[in-house]
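Bear in mind that the values here come from a model prediction, so they are computed numbers and not experimental data. Hydrogens, waters and symmetry mates play no part in the numbers below; they use all other heavy atoms, side chains included.
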Amino acid sequence: MSANPSYLNELKQTGDFLTLSRDNEWHLDAAEFVLDNGTRVNIHDTGVIEFQPAVKTSKDVVYSSAIHGNETAPIEICDALIKQIIKGELILKQRVLFIYGNPQSINIGLRFVEENLNRLFNGHHTVEGVPMNNERNRAAKLEQYVSDFYTRGEQGSSRCHYDLHTAIRGSKNEKFAVYPFLHGKPWKKSQLQFLLSCGVNTVLMMKSPATTFSYYSSFIHGADSFTVELGQVKPFGQNDMARFEKTKQTLTALISQNEVKYPEFNANDFELFAVHRTINRTQHDFSFPFSDDAENFTGFAKGELLATDGDTAIYADVEGEAIIFPNASVALGQRALLTVIPMDIDSNFI
């Protein structure tokens, strides 16, 4: 760790960790300092900054954004929170680790540089016979930073990770969250209440392991972890930040209060979906029959065409099967489409 990196004085004055990360796309010398209120600040790397308040804490919170660099609204939310913390305008009661996943992809305004970072977690960054690249190395480092952060938490602290995104397409349900596969463990009503407070009432329940950042934290570290989609992708400066105010207020409360009280749980507040199936692209000739502006959660009648993969036509096999995250240009072997069907609150929710 550098004793006093040249960037430190300006960071203390401006709190602008986002610009610092964008100026140092793949590496930044580690450093640490203490705010006037006693909060310890640790810069672990470019895009990775940790805050440890002087008080005893009960939660270890991870907020990640820019896993896809063109998803700007979550980046702006985290940028505002980090600045408030460094300037002493937001006093923390909980430990928090902020992550900007892919600073170079922010700079070029694209989802990724060489490879989709959110397909490289849970060990998928290192595959025999597949050459390493910057995004694969970055995924390995981010896993380690999260692991170290949770390991250093207070014994008995609760762990959570909210990986903040915006979707390529518009959505009939503007904001929604993806609940990672829990391998038979129950889903938590308290987490649904947190999401509702963020303005998110639509949740997808995954039924299989994944390569995503949120699944990594859930599976490896037992964290309450979600991929949270907050709207549609827009360039910097074009986001209506008023649409994200409930999200920002709830994320702020989680790290600045000892406990956050949510309204009493009501199943009618939520629209839940179970993943019905995953459709992967296996052929170069892959296409959808619907337009590029077809929204997430668009439903199809049983027997309607969903996709064509080479010579294989894929049809909706249940009435109302709805599409999520359609992307015909993914790499061969990767998920091109999720389909979902409605589900109800049942005994697996506690």
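- Aromatic ring centroids of Phe290 and Phe300 lie under 6.0 Å apart.
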Run Tyr216 and Leu142 through side chain to side chain contact (heavy atoms under 4.5 Å, CB included) and show every step you take.
CA-CA 10 Å; Tyr216 167 78; Leu142 294 184; over 6 Å; no
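- With rounding to the nearest 0.5 Å, the separation of OH in Tyr179 from CG in Leu204 is 13.0 Å.
- With hydrogens and angles ignored, the 3.5 Å screen pairs a side-chain donor or acceptor of Lys207 with a backbone N or O of His276.
- A salt bridge does not link Glu154 to Arg95: none of the charged side-chain nitrogens sits closer than 4.0 Å to a carboxylate oxygen.
- Below 30°, between 30° and 60°, or above 60°: for Phe349 and Trp187 the angle between ring planes is between 30° and 60°, a tilted geometry.
- In this structure, the ring of Phe176 has its center no less than 6.0 angstrom from the ring center of Phe273.
- Looking only at distances, no side-chain donor or acceptor of Gln52 sits under 3.5 Å from a matching main-chain atom of Arg40.
- Taking the side-chain contact (heavy atoms from CB on, under 4.5 Å) definition, one finds that His27 meets it with Asp29, Asp45, sequence neighbours left out.
- Taking the six-membered ring where tryptophan is involved, the planes of Tyr162 and Tyr63 are tilted, since the angle between them lies from 30° to 60°.
- Donor-acceptor pairing under 3.5 Å is lacking for the side chains of Thr46 and Asn24.
- Relative orientation of the Phe194 and Tyr262 rings is perpendicular, given thresholds of 30° and 60° on the angle between their planes.
- Taking the charged nitrogens against the carboxylate oxygens, Glu50 and Arg152 do have a contact shorter than 4.0 Å, which makes a salt bridge.
- Within the structure, every pair that satisfies the side chain to side chain donor-acceptor pair (under 3.5 Å) test and touches residues 80-94, not counting sequence neighbours, is listed here: Ser58-Gln94, Asp79-Lys83.
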Table please: side-chain donor-acceptor pairs of residues 323-335 below 3.5 Å, with sequence neighbours left out.
| from | atom 1 | to | atom 2 | distance (Å) |
| --- | --- | --- | --- | --- |
| Asn327 | OD1 | Ser329 | N | 3.2 |
| Asn327 | OD1 | Ser329 | OG | 2.8 |

